[in-house]
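Just so we're clear, the structure is a prediction, and the values are computed from it rather than from any experiment.
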Amino acid sequence: MNNNAIALMCGITFGAGLTLSQMTDPAKVLGFLDIAGNWDPSLIFVMLGALTVTMISFRRILKKPSPLLAQRFVIASRTALDKPLILGSAIFGIGWGITGYCPGPSVAGLGLGNTEALIMVCAIYAGFWAHGKMKV
C-alpha cells in the first residue's frame with residue numbers, strides 16, 4: 001500500500017473521529033468556548049482523550065529509529081515564542097472563536113457538504129498564501 005493510500009485512510013479516520021466527537025459542529029465548539037455563558041464542557045473529554053493517546057503513543061513511537069513510512073522523524077526544534085508565532089496564534093484563536101471551526105473539523109466538514117466549512121477552508125488557504133507573501 002502506498003503512502004498516499006495510508007495518508008487517505010488516516011485522514012478518513014481522523015475526520016470520522018472529529019465527526020463522532022461533534023467537533024465538526026460549530027455550535028458545539030462555540031458552546032465549549034463560551035465559558036462565561038452557557039458553557040458546554042463535553043469537549044474536554046475529547047481533548048483529554050486525544051492528549052492521553054498522544055502522550056502514550058509519542059513516547060513509544062519516538063523510541064523507534066524511524067517512522068514506518070519515512071526515513072526520519074520531522075519534529076519542530078524551535079521553542080522560542082516570537083512575534084509571528086504569537087500573531088498567528090491570536091489570528092487562529094480569533095477565527096476559531098468566531099466560526100467554531102479549526103482546520104481539522106473544517107476539512108472534515110467538507111465531507112459533510114457544509115458550505116461554512118468550505119468558506120473556512122478557503123480562508124485557511126488565504127492565510128497560507130498571505131503568510132507566504134509576508135515571509136522573508
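- For Asp40, the salt bridge (Lys or Arg N to Asp or Glu O under 4.0 Å) partners are Lys28, not counting sequence neighbours.
- Atom CG of Asn3 sits about 10.5 Å away from atom CG of Leu68, to the nearest 0.5 Å.
- Separating the CZ atom in Phe32 from the CE atom in Met23 is a distance of 8.0 Å, to the nearest 0.5 Å.
- Linking ILVMFWY side-chain heavy atoms closer than 4.5 Å, directly or via other members, places Met47 and Trp39 in a single hydrophobic cluster.
- Leu118 places none of its side-chain heavy atoms less than 4.5 Å from the side chain of Asn114.
- Minimum heavy-atom separation, Ser21 to Leu43: O-CD2, 3.6 Å.
- A pairwise comparison of heavy atoms in Pro103 and Ile124 identifies CA-CD1, 3.7 Å as the closest pair.
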TODO: Under the side-chain contact (heavy atoms from CB on, under 4.5 Å) rule, what do Phe92 and Cys102 come out as? Steps first, then yes or no, please.
DONE: CA-CA 8 Å; Phe92 174 86; Cys102 64; 3.7 Å; yes
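- With a 4.5 Å cut-off on side-chain heavy atoms, Leu62 and Ile75 count as touching.
- The minimum heavy-atom distance between Ala108 and Gly15, with the atom names listed, is CB-CA, 4.0 Å.
- Cluster membership check: Leu18 shares its hydrophobic cluster with Leu33, using side-chain heavy-atom separations under 4.5 Å among Ile, Leu, Val, Met, Phe, Trp and Tyr.
- In this model, no donor atom of one side chain and acceptor atom of the other lie less than 3.5 Å apart for Tyr101 and Asp25.
- Within a 6.0 Å sphere centred on CG of Leu69, other residues, nucleotides and ligands contribute more than 12 heavy atoms.
- With sequence neighbours left out, the side chain to side chain contact (heavy atoms under 4.5 Å, CB included) criterion links Leu48 to Ile44.
- Side-chain atoms of Gln71 and Ser66, non-hydrogen and from C-beta on, never get closer than 4.5 Å to each other.
- Environment of CD1 in Ile35: sparse, with no more than 12 heavy atoms of neighbouring residues, nucleotides or ligands closer than 6.0 Å.
- Applying the salt bridge (charged side-chain N to carboxylate O under 4.0 Å, His left out) definition to pairs two or more places apart or across chains, those involving residues 72-84 are Arg78-Asp82.
- Atom NE2 in His131 sits 10.0 Å away from atom CG in Leu87 (nearest 0.5 Å).
- With values rounded to the nearest 0.5 angstrom, Glu116 atom CD is found 12.0 Å from Leu110 atom CG.
- For the atom pair OG1 of Thr99 and CG of Leu30, the computed distance is 7.0 Å after rounding to the nearest 0.5 Å.
- Under the 4.5 Å side-chain heavy-atom criterion for Ile, Leu, Val, Met, Phe, Trp and Tyr, Val74 and Phe58 are members of distinct hydrophobic clusters.
- Val107 is not listed as a side-chain neighbour of Phe14, based on a closest heavy-atom distance of 4.5 Å or more.
- For the atom pair CG of Leu20 and OG1 of Thr13, the computed distance is 12.0 Å after rounding to the nearest 0.5 Å.
- A 4.5 Å side-chain heavy-atom check between Ile61 and Phe73 finds at least one atom pair inside the cut-off.
- The hydrophobic cluster containing Val121 also contains Phe128, counting ILVMFWY residues as joined when their side-chain heavy atoms lie under 4.5 angstrom apart, directly or transitively.
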